[in-house]
Amino acid sequence: MGNYTGLIIVLALILIIVIAVYIGVAALRRKARQVSRELFGTSDLRQGAERMREEMASTPKSVSAMTKLLLPKIVQDFPDFEYDEMKERADNILVDYLRAIGTGGKEIPKDGSTELKEELAAHIAMLEEAGQREHFEQIHIHRTEISQYRKSEGRCIITFQSALECFHYVTDRGGNLLKGARDLKYQTKYNIDLIYIQDRELVEDQRTQALGINCPNCGAPLSALGAKVCEYCGTPVVEINIHAWFFSDVKEVKRL
């Protein structure tokens, strides 16, 4: 009789545990459905996750908008600085840079420094070596602002930050998808550096030192920043044409 009593007690305890686990799981499911309804408008977590994914794909990234604070400082240092023109150039260099990657280097940006073009060539070479192709399709820039203005030895650097969307994915040589999605937009942001060379002798990067500055009349390279006359055609060169702005870097702002 004692053995039966002990067995009944054990079975009762197991039943209580099973019921408690069931109640706990049911409560968690109810809570999860409630949270899903509050966040996504549906009690189905899978549908909620898909809606969140679609929302992320359609919501532009916010940029570090410091234009109103930094532009007066830039204009104070460079009275002839044309913000709208430089902003448009920043947008163009970003789009051209991404398209160059997408075409495997068939369309190289006309604007940009030697340093920028070397970085682009290295990125394309890396993809080629891996047997991959990186696609950027239907590129659209939502917003571009100045995010930084800093001075280093021999140069000033303005960083534009752009919020951008496109269809971004990576395929192998056979066209098989390796990364990303062909049917879902990708929201991201990029930093584009614009530099102004004040003194080449103080610039540490040799590639930056080699930036080409050309005669506005014949297009011949000017040998020195201090040149007042083109040595090829004799055209006077005003100082504003000698000191020039160049785009030196394009980098995606990685998500944390």
Side-chain angles (χ1 to χ4, degrees), residues 60-100 108-120 139-165 187-217 219 221-228 236-254:
K61 297 292 183 180
S62 59
V63 298
S64 177
M66 301 294 289
T67 304
K68 290 184 179 180
L69 177 64
L70 297 178
L71 185 56
K73 298 180 181 180
I74 296 170
V75 173
Q76 182 178 1
D77 292 340
F78 303 95
D80 295 321
F81 183 82
E82 295 290 342
Y83 169 69
D84 291 334
E85 177 186 343
M86 292 301 181
K87 179 181 176 182
E88 182 178 358
R89 284 179 62 190
D91 288 346
N92 290 339
I93 194 69
L94 174 56
V95 173
D96 289 348
Y97 186 90
L98 298 181
R99 284 177 176 169
I108 298 297
K110 295 179 180 179
D111 205 349
S113 67
T114 301
E115 181 181 1
L116 176 65
K117 292 175 182 178
E118 287 180 357
E119 290 178 354
L120 174 60
I139 300 170
H140 174 69
I141 296 176
H142 296 287
R143 183 181 182 186
T144 298
E145 297 282 351
I146 295 175
S147 65
Q148 293 184 62
Y149 175 50
R150 57 199 186 278
K151 301 177 182 180
S152 63
E153 292 186 348
R155 59 184 172 181
C156 300
I157 306 171
I158 299 173
T159 299
F160 287 91
Q161 189 168 100
S162 296
L164 174 147
E165 75 172 24
Q187 302 287 344
T188 187
K189 53 188 177 181
Y190 278 83
N191 285 340
I192 308 99
D193 282 351
L194 178 67
I195 68 172
Y196 180 91
I197 303 300
Q198 292 180 306
D199 190 338
R200 282 185 183 175
E201 294 181 357
L202 295 179
V203 176
E204 297 177 356
D205 194 322
Q206 295 298 319
R207 293 172 297 178
T208 301
Q209 291 181 17
L211 290 173
I213 300 178
N214 301 325
C215 170
N217 180 49
L222 299 177
S223 58
L225 287 179
K228 299 299 182 182
V237 182
V238 296
E239 188 174 6
I240 191 63
N241 287 328
I242 297 175
H243 297 293
W245 292 97
F246 296 87
F247 288 98
S248 65
D249 195 26
V250 174
K251 284 287 187 300
E252 183 177 14
V253 182
K254 296 295 185 180

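Since this is a predicted model, take the numbers as computed values, not measurements. Below, all heavy atoms of this structure are taken into account, side chains as well, without hydrogens, waters or symmetry copies. Start at 1 with the first residue, then count along the sequence.
Residues K61 and V253 fail the side-chain proximity criterion, which asks for heavy atoms closer than 4.5 Å. Side-chain contact check for I93 versus R89: every heavy-atom pair is 4.5 Å or farther apart. Side-chain contact between L164 and L94: present, with at least one pair of heavy atoms (C-beta onward) separated by less than 4.5 Å. By the 4.5 Å heavy-atom criterion applied to side chains, F81 and I158 are counted as neighbours. P109 is not listed as a side-chain neighbour of F247, based on a closest heavy-atom distance of 4.5 Å or more.
Using a 30° and 60° split on the angle between ring planes, F160 and Y83 fall in the parallel class, below 30°.
Checked by atom type and distance alone, the side chain of T67 pairs as donor or acceptor with a backbone atom of I146 at under 3.5 Å.
Considering CZ of R143 and NZ of K87, their distance stands at 8.0 Å, rounded to 0.5 Å. To the nearest 0.5 Å, atoms CD1 (I141) and CD (E88) are separated by 10.5 Å.
Between P60 and Q187, the shortest heavy-atom contact is CA-OE1, 3.4 Å. When all heavy atoms are compared, the tightest approach of V95 to I139 is CG2-CG2, 4.1 Å. Listed here is the closest heavy atom pair of D91 and S162: OD1-OG, 3.8 Å. For Y190 against V250, the heavy-atom pair with the smallest separation is CD2-CG1, 3.9 Å. Shown here for D77 and K151, the closest heavy-atom pair between the two residues is OD2-NZ, 3.0 Å. For the residue pair E145 and V63, the shortest heavy atom distance occurs at CG-CG2, 3.9 Å.
Contacts of S64 classified as side-chain contact (heavy atoms from CB on, under 4.5 Å), with partners at least two apart in sequence or in another chain: M66, S147, Q161. H140 is linked by a side-chain contact (heavy atoms from CB on, under 4.5 Å) to H142, E165, counting only residues two or more places apart in sequence or in another chain. Listed by chain and number, the residues in a side-chain contact (heavy atoms from CB on, under 4.5 Å) with D193 are R150, I157, T159, S248, D249 (sequence neighbours excluded).
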Kindly determine whether F246 and L116 satisfy side chain to side chain contact (heavy atoms under 4.5 Å, CB included), including the steps that lead there. CA-CA 10 Å; F246 296 87; L116 176 65; over 6 Å; no
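No more than 12 heavy atoms of other residues, nucleotides or ligands shown are found within 6.0 angstrom of NZ on K73.
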